[in-house]
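Single-structure report; data block below.
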Amino acid sequence: MEVEVDPRLVSNILTQLRMRNAAECAFRGITTDYQALLKRSLELAVRNGQLEKEARELRAENSSLLADVESSTQAAATSQQAAAAEARAKELQEELTVTYKDKARVAEELVSAGRQLQIVRESNEAQAREAAELGQKLREARARAKELGEAVERERQATALATSELEARAADKSAAEARADRAEAEGRDLAQRLMEIKAKEVAAMDRVMAECEGMLANARQQERAAAADRAAAAAERAGAARVAASALTAAGTRRSLPTSALKGMAGLLDGTMGRREAPQALAVASVVPSEALRTVAAHDGGCFALAFERSGGRMASGGADKVVRVWDASAGIQQSELHGMPEMVTGLAFTSDARALVAAGSDAALRMWDLTSGRVRHTLTGHVAKVCSVDCSPMQPNQAVSGGTDRCIKVWDLARGFCQRSLVCHSSVNSVRVSLDGSMAVSGHFDGTLRFWDLRSARVANEVAGLHTQQITSVAIGLAAGVVLTCGKDNLLKLVDPRTFQVQRSLRAPGFSVGTVWCTACLGPDERHVAAGSSDGTVFIWEQAERSGAVVRTLKDAGAASVLCTAWSPQGTPLVSSDKAGRVTFWQDRAA
Amino acid sequence: MEELSRAAIWQENWAGGVPLQLTLASTEVTALSAPPALYVMGPRLGYLPTVALQARAFFQHVLPPGDDTPWFECNRLALPWHVPLGVLYDLLARKRQRPWALTVHFRSFPRGRLLRWDGVASMRAAFFSSLKEAAYVCQGSAGGVMGMATSAQDELWAAVAAGDGSRVAAVSGALRLAPRARGDRRPMLPLRIYVRTADTEYIADLAEAVHFTSRPVEAILASGAARTLRDALSAVLAELLPSGWAPGGAEAAAELGSAAQTLQVGGREADVVVGGVRPPLDTPLAWLHSALAHADHFLYIAVMLHT
């Protein structure tokens, strides 16, 4: 595209451009020269650096050469002395030879000295080792002495403790003696009063006798009157004679009355005094067993629960293998197995009608089997933690009581499978039993306290605090008088009167130790004997009759592990024990 | 005669250079003493990175280790590398300082403030895209440039980098990029106009102080007369600047007469500089383009407003 343009305009612009270039490009020569100079300067700088380096090297070389010159002049000076030095060297050489000989001798000496030194060193080391051993022995001896001192101290403390306990016992004894004296005095007083009462009775009888005399006199008088009137009428005479006869009979009866009344009175008194002995006479006598009838390895991992039927015919066992086994108690032969527990079996109980069996499990539930069918009828849920123990009411076949580590005791209606009541307490429940009359539940707790619960009001009826210094592992109730037996981890067994809530007796034995919280003690059916298993596998049997409380027998099965449960048949024999290895042992008397 | 004078103008324009005083940024000096300032002639129609290549040879021995990313500063203002050096000088050197003192950096390229720099290839790519834009405006198609042989491209770029006007004319003459009418559309001219509104030595932000437009402008008015520089600027500035800055109308310009070599913008006098000279405002735009266009066929116009 071409455009017309004013030439002036073109020249204007051309001029301006030229002026611009004149002004600006004037620098071109300068900058070119400057750059060239700068480049040259840089090159020269580099060159300069190189030259300086070379100069340094040359200077260094120069100085080394100078040093060489210096040394060579010195060498020239010394060459004259060299001859002298050579002669001297020869002399010295000879000396050196002599010295070498000396040196060889000295070296030999040195070797022998070194050998001696070695011997000395070895003997030194041996002595040092000996010394170290002796030091070690000394230290050991000192430690031993210290241990012995501590042991002596402990013994001393134990003796002091025992002495104080002995004093306390002596005080108890004197108090008990005082009580006995008081009781004796009361007894005397009562006898006195009895005599008085008897005297009164005699006086009353005498009065009756006097009245009888009077009546007899009357009768005689009437007889006499009748004899007088005999003449009056024969019929009337006969009637009078009948009256007299009846009066005589009455008098005879009354005369015999005082003696029979006294006898009745005495019998009543005897009954009161001998109330404790009376039930023993009623119950089956327990037979102290002497030998193992049978030992069966029944429950893998331990047998934690044993229970007898009230009649004593059957026995059930349960343990870690989640199976409940029912046994013929007298023969020790397994009858059946009950399955259905998902976890370990911790407690067992037959219902009072012996138709069902309830088992407590560590899965926080209880299960009830119908024994005729062997099927689970109810699963009783409601506990929130492991259920430790279960018992059925002896009176009501539909009632069971369980307790667990959720600090709760639950009363179950077995007919419907519901929880009727929950009794809440503040300590974990290790064992729970129902009293003989079915009105109370007795629970043994982790805190060593025994609690009595009224099942109707669901309240604590009484509690025996601090019965054991450690947790109560089991509670058992005697079948005769309902005495409560507790077993504690403090290796003591205690018998508690359920009426007075007083401890009747404490049982202990040397060598008896409660191994686990599952240790269950039992009472014989007549409550005379108590059996419990120790952690060493021994079963101890105590006689708890009047003032005895001594061990009458210990039973030990070869290879028995720590005994967990014992149960005594209500028929008196056998006694059954189970151990941690899951073995169930039936004990009986040799004679039987 | 006219052809001769236009060739003379082309030659003179390409001969132009800006004397520069380059100082290496003190943060990049690793020697004990700073190297002396470097004085170079920067080609007016060339670009700063080509100057940087020259400068590098002199500063190389003091630079810290790393890759070279050269950039320039004038009074703390980072200079865009894609604008021709002559335009930057006209626009930013208010007092026509000779030499123009710049600070050169080779490290820590200011990514946020300048276009991304990926080495000399970026410069070449920027030049050719600019040339394509101009070709599209002039010819209605960038095909000529796109179809250039690689050897021809290399030749053109080498000529531009060397600042050799006659070689550039030889290569780009073959492209036949003279503006022409297409059908009933009038011929268009590619213009790049920079308007500096801040009349102060120190500029904080180039984008605020300088308004820029790159646009095609018709070479011939509707009346058939050739469009003059004044016509073009009046139209473009009215559009480019904020409303308060609108230039005086054509009447006002006419009042001043063609003798007056000044443009009034918003009541302020404005210098119009093309290639370092102030062409008369009634110069036909098409001729001005043919005489003073850069190698990328754009006519760069710098407008400075005075207070």
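Each chain gets a letter, A, B and so on, in the order its sequence line appears, and its residues count up from 1.
Looking at B/Pro35, there are no atoms closer than 4.5 Å to chain A (heavy atoms on both sides), in backbone or side chain. Residue A/Ala23 touches chain B through both its backbone and its side chain, counting heavy-atom pairs closer than 4.5 Å. Residue contact with chain B, scored on non-hydrogen atoms closer than 4.5 Å, involves the backbone and the side chain of A/Arg28 alike. Interface remark: B/Arg44 contributes side-chain atoms only to the contact with chain A (heavy atom separation under 4.5 Å). For chain B, the nearby part of A/Leu42 is the side chain; its heavy atoms alone come within less than 4.5 Å. Within the 4.5 angstrom heavy-atom criterion, only side-chain atoms of B/Leu292, from C-beta onward, approach chain A.
A donor-acceptor contact shorter than 3.5 Å links the side chain of A/Asn21 to the backbone of B/Glu12. The closest donor-acceptor contact from the side chain of A/Arg20 to the backbone of B/Gly275 lies under 3.5 Å.
No more than 12 heavy atoms of other residues, nucleotides or ligands shown are found within 6.0 angstrom of CG on A/Asp300. A/Arg40 CZ: 12 or fewer foreign heavy atoms inside a 6.0 Å radius. Within a 6.0 Å sphere centred on CZ of A/Phe446, other residues, nucleotides and ligands contribute 12 heavy atoms or fewer. For A/Glu109, the CD atom is densely surrounded, since the number of other residues' heavy atoms within 6.0 Å is greater than 12.
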side-chain contact (heavy atoms from CB on, under 4.5 Å) evaluation trace for A/Thr15 with B/Val277: CA-CA 9 Å; A/Thr15 316; B/Val277 303; over 6 Å; no
side-chain contact (heavy atoms from CB on, under 4.5 Å) assessment of B/Val40 paired with A/Tyr34: CA-CA 8 Å; B/Val40 293; A/Tyr34 174 82; over 6 Å; no
A/Ile13 vs B/Leu288, side-chain contact (heavy atoms from CB on, under 4.5 Å): CA-CA, chis, key distance, verdict: CA-CA 10 Å; A/Ile13 287 173; B/Leu288 203 58; 4.0 Å; yes
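Between the OG1 atom of A/Thr31 and the CG atom of B/Leu38 there is a distance of 9.0 Å, given to the nearest 0.5 Å. Between the CD atom of B/Gln11 and the CG atom of A/Leu14 there is a distance of 11.5 Å, given to the nearest 0.5 Å.
Shortest non-hydrogen contact noted between A/Leu9 and B/Pro280 is CG-CG, 4.0 Å. Nearest heavy-atom pair across B/Tyr39 and A/Gln35 is O-NE2, 3.2 Å. Taking every heavy atom of both residues into account, B/Gly17 and A/Cys25 meet most closely at N-SG, 3.8 Å. Nearest heavy atom pair, residue A/Arg18 against residue B/Ala8, reads NH2-CB, 4.4 Å. Contact between B/Met41 and A/Glu24 at its shortest, heavy atoms only, is CE-O, 3.4 Å.
Contact check for B/Val18 versus A/Phe27: no side-chain heavy atoms found under the 4.5 Å cut-off.
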